[in-house]
A.B. asks: 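Before anything else, here's the structure in question.
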Amino acid sequence: MTEPDTTTAPELRAQVVDTMVALLTRMLRPETPVTVGTQLMDELGLSSSLALELLLEIEDELEIQIDVEDLDEDRMTTVGDLADYITRHCTPR
């Protein structure tokens with residue numbers, strides 16, 4: 001994101017989803033494709049430490065800072081849930 005002011009929320013969310021799918025596929029090598037509806041814990045077995053690694057990788061990849069202050073693991077059940085959270089709680093670097 002070289003010009004974050006021109007990026008709309010839907011475009012940013014799409015970038016976040018694409019980045020998450022690529023990273024989760026690389027990190028976890030799941031048997032089925034990762035989609036917006038993929039459940040992070042139940043289907044992928046994402047642990048807290050891997051979730052933190054994922055967030056750090058997303059920050060680096062998209063050049064954003066994610067505010068994890070209000071992150072509630074219980075509400076982040078799917079890739080889409082986490083992408084929505086990131087889109088609403090990030091700032092450009």
Side-chain angles (χ1 to χ4, degrees):
M1 281 180 29
T2 55
E3 294 186 44
D5 294 334
T6 61
T7 303
T8 63
E11 290 171 345
L12 177 59
R13 185 182 187 278
Q15 288 179 317
V16 170
V17 168
D18 290 346
T19 302
M20 285 179 61
V21 167
L23 290 170
L24 287 167
T25 300
R26 188 184 80 220
M27 291 166 64
L28 302 174
R29 302 192 197 300
E31 293 179 15
T32 59
V34 177
T35 66
V36 174
T38 300
Q39 295 184 356
L40 296 168
M41 306 295 179
D42 294 343
E43 290 181 63
L44 297 178
L46 190 69
S47 66
S48 296
S49 59
L50 280 176
L52 179 58
E53 184 179 336
L54 174 67
L55 292 173
L56 293 172
E57 290 276 345
I58 291 168
E59 285 182 332
D60 287 344
E61 191 82 22
L62 298 178
E63 297 181 3
I64 59 174
Q65 185 72 36
I66 302 167
D67 179 13
V68 294
E69 196 82 14
D70 298 322
L71 185 61
D72 181 3
E73 274 185 44
D74 296 333
R75 292 189 322 187
M76 303 300 142
T77 57
T78 67
V79 169
D81 293 337
L82 186 54
D84 289 339
Y85 177 86
I86 292 169
T87 302
R88 287 190 313 268
H89 295 89
C90 74
T91 54
R93 279 200 233 169

A.B. asks: First locate atom CG of Leu71, then atom CD1 of Ile66, and finally report the distance between them rounded to the nearest 0.5 Å.
C.D. replies: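 Spacing of CG (Leu71) from CD1 (Ile66) equals 9.0 Å.
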
A.B. asks: Could I get the full list of salt bridge (charged side-chain N to carboxylate O under 4.0 Å, His left out) partners for Asp72, not counting sequence neighbours?
C.D. replies: Arg75

A.B. asks: So, taking the atom named CG in Leu54 and the one named CD in Glu61, what distance separates them when rounded to the nearest 0.5 Å?
C.D. replies: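 Output value for this atom pair is 11.0 Å.
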
A.B. asks: For the atom pair CD1 (Ile86) and CG (Leu62), what is the distance rounded to the nearest 0.5 Å?
C.D. replies: 8.5 Å

A.B. asks: Any Lys/Arg nitrogen of Asp60 or Arg93 sitting under 4.0 Å from an Asp/Glu carboxylate oxygen of the other?
C.D. replies: yes

A.B. asks: Extract all donor-acceptor atom pairs below 3.5 Å that involve side chains of residues 17-28 and protein atoms in other chains or at least two apart in sequence.
C.D. replies:
| from | atom 1 | to | atom 2 | distance (Å) |
| --- | --- | --- | --- | --- |
| Thr19 | OG1 | Gln15 | O | 2.8 |
| Thr25 | OG1 | Val21 | O | 2.7 |

A.B. asks: With rounding to the nearest 0.5 Å, note down the distance linking CD in Glu63 to CD1 in Ile58.
C.D. replies: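 Going from CD on Glu63 over to CD1 on Ile58, the span is 14.5 Å.
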
A.B. asks: Quick one: are Pro30 and Thr38 in side-chain contact, heavy atoms under 4.5 Å?
C.D. replies: no

A.B. asks: Which residues pass the side-chain hydrogen bond (donor to acceptor under 3.5 Å, both in side chains) test with Ser49, sequence neighbours left out?
C.D. replies: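 side-chain hydrogen bond (donor to acceptor under 3.5 Å, both in side chains) check on Ser49 returns Ser47.
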
A.B. asks: Listing request: all salt bridge (Lys or Arg N to Asp or Glu O under 4.0 Å) pairs with a residue in residues 36-54, at least two apart in sequence or in separate chains.
C.D. replies: none

A.B. asks: Determine which pairs satisfy ring-ring contact (aromatic ring centres under 6.0 Å, His included) with at least one residue from residues 51-82, sequence neighbours left out, and list them in order.
C.D. replies: none

A.B. asks: Got a sec, which residues hit side-chain contact (heavy atoms from CB on, under 4.5 Å) with Thr78, two or more places apart in sequence or on another chain?
C.D. replies: Gln39, Asp81

A.B. asks: For Ser48, enumerate each residue passing the side-chain hydrogen bond (donor to acceptor under 3.5 Å, both in side chains) test, keeping only those at least two apart in sequence or located in another chain.
C.D. replies: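 Result, side-chain hydrogen bond (donor to acceptor under 3.5 Å, both in side chains) vs Ser48: Glu73.
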
A.B. asks: Suppose the criterion is ring-ring contact (aromatic ring centres under 6.0 Å, His included): which pairs have a residue in residues 24-83, not counting sequence neighbours?
C.D. replies: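 Listed by first then second residue: nothing to list.
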
A.B. asks: Atom OG1 in Thr77, atom CE in Met41: separation rounded to 0.5 Å?
C.D. replies: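 Interatomic distance, Thr77 OG1 to Met41 CE, rounded to 0.5 Å: 9.5 Å.
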
A.B. asks: Partners of Leu52 by side-chain contact (heavy atoms from CB on, under 4.5 Å), sequence neighbours excluded?
C.D. replies: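 In terms of side-chain contact (heavy atoms from CB on, under 4.5 Å), with neighbours along the sequence ignored, Leu52 is linked to Leu56.
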
A.B. asks: Would you list the pairs meeting ring-ring contact (aromatic ring centres under 6.0 Å, His included) in which at least one residue belongs to residues 54-84, sequence neighbours left out?
C.D. replies: none

A.B. asks: At what distance, to the nearest 0.5 angstrom, does OG1 of Thr91 lie from CD1 of Ile64?
C.D. replies: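 Nearest 0.5 Å value for the OG1-CD1 distance: 8.0 Å.
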
A.B. asks: What pairs meet the ring-ring contact (aromatic ring centres under 6.0 Å, His included) rule with one or both residues in residues 56-88, with sequence neighbours excluded?
C.D. replies: Tyr85-His89

